[in-house]
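Note sheet for the following structure.
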Amino acid sequence: MSGKGAPELSVRNVGDLRIAVVAAQWHEKVMDGLVDGALRALHDLGISEPTLLRVPGSWELPVVAKALAGRGYDAVVALGVVIRGGTPHFEYVCQGVAQGLTQVSVDTGVPVGFGVLTCDTEEQALDRAGLAGSSEDKGHEAVTAAVATAATLRSVSEPWRQGGPHNP
Ligand code: RBF
């Protein structure tokens, strides 16, 4: 899957949304880029006091995302990096994390931004990590998508509010 075709999202009036980021710790340099990109996106959106929690690996993301989703956050963003090795472990971890985060989102009704890179090599991950010289900034994208979705959900329950699809 390439990053070509990603939308330019216009997200407004979201400064009061409560957002939590949960980030794994494997592959430190890539994770530093993803976390920086996520925090930069939150700052750009006017969201000043996000919660940031760390977990050991990507496998631990869904359980903490679920706890956060049940604590009144309007959106949760999960960040991680899984690099393919020589064993089938990669497939199990990627599938478990993707399914787990989907389940959290659908079961709780809280959007969960999917900022988990699943790459063949560390070079591919670095290129998507929002670092100097990277061509993509997936931490920033995951926050923007989750906040945009939270704004859309809010406009469904509060259609008079400015900034959503009912009242752009
Ligand atoms: N966690 C990651 O976030 N990224 C990885 O690339 C990664 N590779 C792993 C490879 C192996 C063989 C194992 C056993 C674990 C790996 N993990 C990785 C850690 C995993 O997400 C989790 O933290 C641990 O399995 C403990 O539950």
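Indexing begins at 1, ligand by ligand and atom by atom, following the structure's order. Throughout, numbering of the chain's residues begins at 1 and tracks the sequence.
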query: Identify the closest protein heavy atom to atom 24 (C) of ligand 1: which residue and atom is it, and at what distance?
result: Glu60 OE2, 4.1 Å

query: Of the protein's non-hydrogen atoms, which lies at the shortest distance from atom 21 (O) of ligand 1, and what is that distance?
result: Trp59 N, 3.1 Å

- prompt: Which bit of His27 gets closer than 4.0 Å to ligand 1, counting heavy atoms only: side chain, backbone, both or neither?
  reply: side chain

message: Just to confirm my output: which protein heavy-atom neighbour is closest to atom 10 (C) of ligand 1, and how far is it?
response: His89 CD2, 3.6 Å

message: Which of the numbered atoms in ligand 1 are under 4.0 angstrom from any heavy atom belonging to Ile83?
response: 6 (O)

- request: Give the atoms of ligand 1, by number and element, whose distance to some non-hydrogen atom of Ser58 is under 4.0 Å.
  value: 1 (N), 2 (C), 3 (O), 21 (O)

- request: Consider only side-chain heavy atoms of I, L, V, M, F, W and Y, link residues closer than 4.5 Å, and tell whether Val63 and Val21 are in one cluster.
  value: no

field: ILVMFWY cluster, Leu52 and Leu17 together (side-chain gap under 4.5 Å)
entry: yes

- prompt: Is the backbone of Arg84 close enough, under 3.5 Å, to the side chain of Asp120 for a donor and an acceptor to pair up by distance?
  reply: no

query: Does Val55 offer a backbone N or O that forms a donor-acceptor pair with the side chain of Gln25 under 3.5 Å?
result: yes

- line: Atoms of ligand 1 under 4.0 Å from any heavy atom of Val81, numbered from 1 in the order shown, are 2 (C), 3 (O), 4 (N), 5 (C), 6 (O)

query: For atom 8 (N) of ligand 1, what is the nearest protein heavy atom, given as residue, atom name and distance?
result: Trp26 CZ3, 3.3 Å

- prompt: Any non-hydrogen protein atom below 4.0 Å of atom 27 (O) of ligand 1?
  reply: yes

field: Interatomic distance, Asn13 atom CG to Ser155 atom OG [nearest 0.5 angstrom]
entry: 11.5 Å

- prompt: With atoms numbered from 1 as shown, which atoms in ligand 1 lie under 4.0 angstrom from a non-hydrogen atom of Val82?
  reply: 4 (N), 5 (C), 6 (O)

task: Verify, without hydrogens or angle tests, whether Arg40 (side chain) and His140 (backbone) share a donor-acceptor contact under 3.5 angstrom.
output: no

query: N/O of Val93 under 3.5 Å from N/O of ligand 1, yes or no?
result: no

field: Euclidean distance, Leu79 CG relative to Leu117 CG, rounded to 0.5 Å
entry: 8.5 Å

- prompt: Out of curiosity, Leu68 CG to Thr51 OG1, how far, rounded to the nearest 0.5 Å?
  reply: 7.0 Å

